[in-house]
Amino acid sequence: MLDACAELLDETGYEALSTTRIAERAGVAIGSVYQFFPDKRAITQELTRRNVEEFVRRVDRKFLEEDHRGWWEAVDAIIDEYVDMHRTVAGFKSLHFGDVVDLNLLDSDSDNNAVIAGRLRGLFLKEFGLADSPELDLAMLVAVEAGDAVLKLAFRRDSDGEPEIIEAAKHLIRGFLSRQLRSWSPHA
């Protein structure tokens, strides 16, 4: 059902989505949909949760499999993963991290980008030994918000993501974090 929802979102958008269309695409009775989800919003929320978990898994895997000389290379790897998911994961380009459906989907007290920033902050603390501080929290939140906005622009202008804007997002975030985290600035 989630896969059917994702496909329909990419084809028709959220407004045209319905539980009936999801059931038809999934090849299940409408009652099966309602057994798990009361409405289309609940289905898209679950799809968003799945996308976020997949994003975090992919980023974790990149951190395990690849050596990054510093946090600045990790920023590029994270953006590359976001871009890849936007291009290859059904429903991701329509929902991103749930902003279409519910800004507080992942945590009732924090908006979705704040949750993502917290998870990425945890990875940075673990991988690069950054000192935990309120300043790091704020820096990561601003970096995620800025990156999200610029990457959305890249995909609005080109369905595959305008390469120059994706590159600009990387430079913007690295530059901002370099100023915020002076002692961890890249030397390259």
Side-chain angles (χ1 to χ4, degrees), residues 2-3 5-17 44-45 47-63 65-106 111-121 123-124 127-128 138-181 184-188:
L2 292 178
D3 292 339
C5 177
E7 292 167 6
L8 288 167
L9 279 168
D10 285 350
E11 292 169 16
T12 64
Y14 183 76
E15 292 304 317
L17 187 68
T44 55
Q45 286 176 324
L47 179 60
T48 299
R49 280 188 197 90
R50 183 174 82 172
N51 286 345
V52 169
E53 291 307 316
E54 177 64 16
F55 177 72
V56 170
R57 259 192 309 280
R58 286 179 175 210
V59 169
D60 281 343
R61 188 171 54 242
K62 275 195 177 289
F63 276 56
E65 295 173 356
E66 299 173 10
D67 288 327
H68 300 102
R69 291 183 304 160
W71 61 263
W72 52 94
E73 286 184 358
V75 165
D76 288 357
I78 290 166
I79 291 173
D80 290 342
E81 204 56 57
Y82 179 95
V83 168
D84 183 64
M85 285 187 69
H86 201 287
R87 292 176 178 158
T88 63
V89 174
F92 188 81
K93 68 182 173 187
S94 299
L95 295 176
H96 303 282
F97 293 130
D99 49 348
V100 171
V101 182
D102 186 348
L103 284 173
N104 293 80
L105 168 65
L106 303 172
D111 68 55
N112 297 337
N113 278 347
V115 173
I116 297 296
R119 291 190 183 187
L120 294 177
R121 182 183 126 291
L123 284 172
F124 275 54
E127 293 295 321
F128 303 110
L138 180 61
M140 292 303 290
L141 178 60
V142 170
V144 167
E145 289 287 346
D148 185 48
V150 175
L151 290 170
K152 284 177 183 171
L153 172 65
F155 284 96
R156 270 197 323 266
R157 293 180 55 129
D158 179 334
S159 63
D160 275 340
E162 192 169 313
E164 295 83 7
I165 296 178
I166 293 168
E167 195 58 34
K170 291 177 181 181
H171 288 290
L172 175 83
I173 294 168
R174 286 191 314 251
F176 171 75
L177 287 176
S178 290
R179 287 185 296 283
Q180 299 304 307
L181 311 172
W184 298 288
S185 295
H187 302 294

Using a strict cut-off of less than 4.0 Å between a Lys/Arg side-chain nitrogen and an Asp/Glu carboxylate oxygen, indicate whether Arg58 and Asp84 qualify as a salt bridge. yes
Parallel, tilted or perpendicular: rings of His86 and Phe92 (30°, 60°): perpendicular
Straight-line distance of Arg61 CZ to Glu81 CD, nearest 0.5 Å: 6.5 Å
With a 4.5 Å heavy-atom cut-off, do Trp72 and Phe128 have their side chains touching? no
State the NZ-CG distance between Lys170 and Asp80, to the nearest 0.5 angstrom. 3.5 Å
How long is the straight-line distance from CG of Leu17 back to CD of Glu7, given to the nearest 0.5 Å? 11.5 Å
Is Glu53 salt-bridged to Arg119, going by a charged N under 4.0 Å from an acidic O? yes
Rounded distance (nearest 0.5 Å) linking atom CD1 of Ile79 with atom CG of Leu172: 8.5 Å
Who passes side chain to side chain donor-acceptor pair (under 3.5 Å) against Asp10, sequence neighbours left out? Ser94
Supply the atom-to-atom distance Glu54 CD to Met85 CE, rounded to the nearest 0.5 angstrom. 5.5 Å
Nearest heavy-atom contact between Phe63 and Ala74 is CZ-CB, 3.6 Å
In Å, rounded to the nearest 0.5 Å, how long is the span from CD1 of Ile78 to CD1 of Ile116? 10.5 Å
With the side chain counted from C-beta on, respond yes when Val83 and Phe155 share a heavy-atom pair under 4.5 Å apart, and no when they do not. yes
Is it true that, when you exclude Arg57 itself, more than 12 heavy atoms of the residues, nucleotides or ligands shown sit nearer than 6.0 Å to its CZ? yes
Do Val59 and Tyr82 have side chains that get closer than 4.5 Å, going by heavy atoms? no
Hey, does Leu138 have a side-chain heavy atom less than 4.5 Å from the side chain of Gln180? no
For Arg156, enumerate each residue passing the salt bridge (Lys or Arg N to Asp or Glu O under 4.0 Å) test, keeping only those at least two apart in sequence or located in another chain. none
Minimum heavy-atom separation for Leu151 to Ala169, with atom names? CD2-CB, 4.0 Å
Quick one: list whatever passes side-chain contact (heavy atoms from CB on, under 4.5 Å) with Arg50, sequence neighbours left out. Leu2, Asp3, Leu47
